[in-house]
Student: 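Take a look at the following structure, please.
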Amino acid sequence: MNIQKNISLKNYNTFGIDVIAKRFISVTSVYELQQLLKIERDIFLISGGSNMLLTKDIKKLVVHIDIEGISIDRENENDVYLTVNAGENWHNFVLWCVTNNYGGIENLSLIPGNVGTCPIQNIGAYGVEVKDTITKVEAVEIKTGKLVQFSNEDCNFGYRNSIFKNDAKNKFIITAVSFKLTKKSHHLNTSYGVIETELAAKNIETPSLKNISDAVISIRRSKLPDPKEIGNSGSFFKNPVISVLKFNQLQEKFSTIPNYKISEKETKVPAGWLIEQAGFKGKRYGEYGVHSKQALVLVNYGDASGKEIHQLAQTIQEAILNKFGIRLEIEVNVI
Ligand code: EPU
């Protein structure tokens, strides 16, 4: 086992925060992971590093999950069942599916991170959530080293939420995710306004998986910063769910406030809109700031510390609470 000392994690987190791992190991198989857990269980996991803000050096052993491989478990005329190891890059997997004409995750193109972390926050974009295609999650229990399986139901998926953020948090290491995707009669999801517009602009009436993937890629490129160029972790906050009653009161004061109805009683308000109204959109404070095209995204222009970005997040939370009476919940893991 090759444990390295004093490794910078700058290239292992999409925010590009330069903190040090006192000890670091890359694990490439379930067996290796199980062997490691026999000698050390108090570990810090890192995979694609796309949903974390690191605010300090990591003293625990940092374990980088680098288990790769895609396998087709079975298929029939209509569907294909795949198992994908946790270390596969999410976007590359989406592109591979699009190329093979496997439908279901094309709307989730260009989301940073690895396959192993997609169930944790139930990644979602443009009307699709990954939970709708996941059949099974395989994970190693840290305490016992045993390989266990979670069915879709076991995962308790919700909006940017799952059992892995709650009861199973810090107890399991996801090693593989299984998906059911369509081979024909794809359930295309093009109703999200910007996708419709993008396809219409290209005169595409009967879109292919590739057309949708391309549309999503172009929309995301136009709004969201590429982590390779500007450090970020996508949406820093969740879109808050508020009561319809509270929404109606806000609408009297702020007539243009958008919302997405969830039920008769609850509605979701875009945090990006709230943050923009509070005047933060595009604000830059030295090495960090709020993205100019999407206020929900906090960015590291180069050498910001995690603490600085966390402070900015707290300033934003206070401002939103004062202006709208809404508590914004941070979506990324602050370490
Ligand atoms: N808006 C503003 N100002 C902004 C940003 C947004 O007024 O700076 C308004 C827009 O005009 C629109 C509404 O807010 O009316 C929604 O904006 P958008 O379609 O960009 O989506 P979002 O709700 O801000 C969510 C996800 C994104 C996902 C998009 C598209 C969350 C926390 N974020 O953002 O996910 O890509 O929908 O489906 O749910 C991520 O999680 O990292 C992420 C990027």
Student: Can you see which heavy atom on Phe237 is nearest to which on Ala313, and at what distance?
Tutor: CZ-O, 3.8 Å

Student: Without swapping roles, check the side chain of Lys10 against the backbone of Gly16 for a donor-acceptor pair under 3.5 Å.
Tutor: yes

Student: Going only through I, L, V, M, F, W and Y residues with side-chain contacts under 4.5 Å, is there a path from Ile123 to Ile174?
Tutor: yes

Student: When you look at Arg23 and Glu40, which way does the salt bridge (Lys or Arg N to Asp or Glu O under 4.0 Å) test go after all the steps?
Tutor: CA-CA 12 Å; Arg23 293 177 308 139; Glu40 190 136 357; 2.5 Å; yes

Student: Working to the nearest 0.5 Å, report the span between NZ of Lys38 and CG of Leu33.
Tutor: 11.5 Å

Student: If only atom types and distance count, is the side chain of Asn122 paired as donor or acceptor with the main-chain N or O of Lys131 below 3.5 Å?
Tutor: yes

Student: When you measure from the side chain of Arg160 to the backbone of Gly124, do you find a donor-acceptor pair of N or O atoms at a distance under 3.5 Å?
Tutor: yes

Student: If you compare all heavy atoms of Ser47 against all heavy atoms of Ala86, which two are closest, and at what distance to 0.1 Å?
Tutor: OG-O, 4.2 Å

Student: Does the side chain of Val290 reach to within under 4.5 Å of the side chain of Phe236, using non-hydrogen atoms?
Tutor: no

Student: Distance from Leu181 atom CG to Asn101 atom CG, nearest 0.5 Å?
Tutor: 10.5 Å

Student: Under a 3.5 Å distance rule, please check whether Tyr159 uses its side chain to pair with a backbone N or O of Asn239 as donor and acceptor.
Tutor: yes

Student: Taking atom OH as the centre, does Tyr285 end up with more than 12 heavy-atom neighbours from other residues, nucleotides or ligands that are less than 6.0 angstrom away?
Tutor: yes

Student: Apply side chain to side chain donor-acceptor pair (under 3.5 Å) to the pair Glu198 and Ser218, showing each step before the final yes or no.
Tutor: CA-CA 8 Å; Glu198 184 79 20; Ser218 126; 2.6 Å; yes

Student: Kindly give the heavy-atom pair with the smallest separation between Ser26 and His64, and that separation in Å.
Tutor: OG-ND1, 3.0 Å

Student: Would you say that Tyr126 contacts Thr190 through its side chain, given a criterion of any heavy-atom pair below 4.5 Å between the two side chains?
Tutor: no

Student: I want to check something: taking the side chain as every heavy atom from C-beta on, are Thr28 and Glu68 in contact at a cut-off of under 4.5 Å?
Tutor: no

Student: For the residue pair Phe324 and Phe254, does the interplanar ring angle fall in the parallel (under 30°), tilted (30 to 60°) or perpendicular (over 60°) class?
Tutor: tilted

Student: Could you point out which residue of Ile335, Asp18, Asn333 forms a side chain to side chain contact (heavy atoms under 4.5 Å, CB included) with Leu54?
Tutor: Ile335

Student: Go through the steps to decide whether Leu328 and Ile275 satisfy the test side-chain contact (heavy atoms from CB on, under 4.5 Å), and finish with yes or no.
Tutor: CA-CA 10 Å; Leu328 279 190; Ile275 299 168; 4.0 Å; yes

Student: Considering all heavy atoms of both residues, which atom of Ser233 and which atom of Met52 are nearest to each other, and what is their separation?
Tutor: OG-N, 3.5 Å

Student: Under the criterion side-chain contact (heavy atoms from CB on, under 4.5 Å), I'd like the reasoning laid out for Ile257 against Phe247: C-alpha separation, chi angles, the key distance, then a yes or no.
Tutor: CA-CA 9 Å; Ile257 184 170; Phe247 178 75; 3.6 Å; yes

Student: Do Ile25 and Val30 belong to the same hydrophobic cluster, where Ile, Leu, Val, Met, Phe, Trp and Tyr are linked whenever their side-chain heavy atoms lie under 4.5 Å apart, directly or via other members?
Tutor: yes

Student: Check whether any side-chain N or O of Asp167 sits under 3.5 Å from a backbone N or O of Ile163 as a donor-acceptor pair, and report yes or no.
Tutor: no

Student: Among Ser50, Cys118, Pro112, exactly one meets side chain to side chain contact (heavy atoms under 4.5 Å, CB included) together with Trp90. Which residue is that?
Tutor: Cys118

Student: Below 4.0 angstrom, N of the basic side chain to O of the carboxylate: do Glu141 and Lys171 qualify?
Tutor: no

Student: Is there side-chain contact between Asp42 and Leu61, with heavy atoms separated by less than 4.5 Å?
Tutor: no

Student: Establish whether Tyr192 and Leu199 are linked, either directly or via other cluster members, by ILVMFWY side-chain heavy-atom contacts under 4.5 Å.
Tutor: yes

Student: Please find the pair of heavy atoms, one from Asn232 and one from Pro225, that lie closest to each other, and give the distance.
Tutor: ND2-O, 3.1 Å

Student: Is the distance from the ring center of Tyr102 to that of Phe179 below 6.0 Å?
Tutor: no

Student: Can you check whether Ile7 reaches Val62 side chain to side chain, under 4.5 Å on heavy atoms?
Tutor: no

Student: Can you tell me if Ser305 uses its side chain to pair, donor with acceptor, with the backbone of Glu308 under 3.5 Å?
Tutor: yes

Student: Between Lys165 and Glu331, does any side-chain N to carboxylate O distance fall below 4.0 Å?
Tutor: yes

Student: Before giving the answer on side chain to side chain donor-acceptor pair (under 3.5 Å), spell out for Asn211 and Ser208 the whole-Å C-alpha distance, their side-chain angles and the decisive distance to 0.1 Å.
Tutor: CA-CA 5 Å; Asn211 291 148; Ser208 63; 3.1 Å; yes

Student: Using 0.5 Å steps for rounding, measure from the CD1 atom of Ile217 to the CG atom of Leu110.
Tutor: 5.5 Å

Student: Less than 3.5 Å apart, any donor N or O on the side chain of Asn161 or Asn166 sitting next to an acceptor on the other?
Tutor: yes

Student: Please answer: with hydrophobic residues joined when any side-chain heavy atoms are less than 4.5 Å apart, are Leu209 and Val128 in the same cluster?
Tutor: yes

Student: Could you measure the distance from the CZ atom of Phe93 to the CG atom of Leu82? Nearest 0.5 Å is fine.
Tutor: 5.5 Å

Student: Between atom CD1 of Ile326 and atom CD1 of Ile242, what is the distance when rounded to the nearest 0.5 Å?
Tutor: 4.0 Å

Student: I'd like to check Thr267 versus Val241 (side-chain heavy atoms, cut-off strictly below 4.5 Å). Are they in contact?
Tutor: no

Student: Looking at Ser255 and Gln251, would you say the former's side chain and the latter's main chain have a donor-acceptor pair under 3.5 Å?
Tutor: no

Student: Does the pair Val299 and Tyr288 meet the rule for a side-chain contact (heavy atoms from CB on, under 4.5 Å), with working shown?
Tutor: CA-CA 6 Å; Val299 291; Tyr288 59 99; over 6 Å; no

Student: Any ion pair linking Glu138 and Lys136 (charged N to carboxylate O, less than 4.0 Å)?
Tutor: yes

Student: Is there a path of hydrophobic side-chain contacts, each under 4.5 Å between heavy atoms, that joins Val194 and Trp273?
Tutor: no

Student: Quick one: sort the Phe172 and Phe150 rings into parallel, tilted or perpendicular, breaks at 30° and 60°.
Tutor: perpendicular

Student: Looking at every non-hydrogen atom in both residues, tell me the closest pair between Ser178 and Asp73 and how far apart they are.
Tutor: OG-OD2, 4.4 Å

Student: Is it true that Lys183 and Glu77 make a salt bridge, defined as a side-chain N closer than 4.0 Å to a carboxylate O?
Tutor: no

Student: Going through the distances and angles, do Ile330 and Gln317 end up as a side-chain contact (heavy atoms from CB on, under 4.5 Å)?
Tutor: CA-CA 9 Å; Ile330 292 181; Gln317 282 176 311; 3.6 Å; yes

Student: Taking side chain as C-beta onward, heavy atoms only, is Leu298 less than 4.5 Å from Phe15?
Tutor: yes

Student: Using the six-membered ring of Phe164, assess whether NZ or CZ of Lys169 lies under 6.0 Å from its centre and within 45 degrees of the ring axis.
Tutor: no

Student: Val115 versus Asn85: any side-chain heavy-atom pair under 4.5 Å?
Tutor: no

Student: Are the side chain of Lys283 and the backbone of Gly279 linked by a donor-acceptor contact shorter than 3.5 Å?
Tutor: yes

Student: Heavy-atom count check: over 12 atoms from other residues, nucleotides or ligands less than 6.0 Å from Lys56 NZ?
Tutor: no

Student: Look up atom CH2 in Trp96 and atom CD in Glu88, then write down how far apart they are to the nearest 0.5 Å.
Tutor: 9.5 Å

Student: Has Asn76 got a side-chain atom pairing as donor or acceptor with Asn78's backbone, closer than 3.5 angstrom?
Tutor: yes

Student: Is the side chain of Asn114 donor-acceptor paired with the backbone N or O of Thr117 at a distance under 3.5 Å, no angle test?
Tutor: no

Student: Side chains of Ser151 and Asp154 only: does a donor on one sit below 3.5 Å from an acceptor on the other?
Tutor: yes

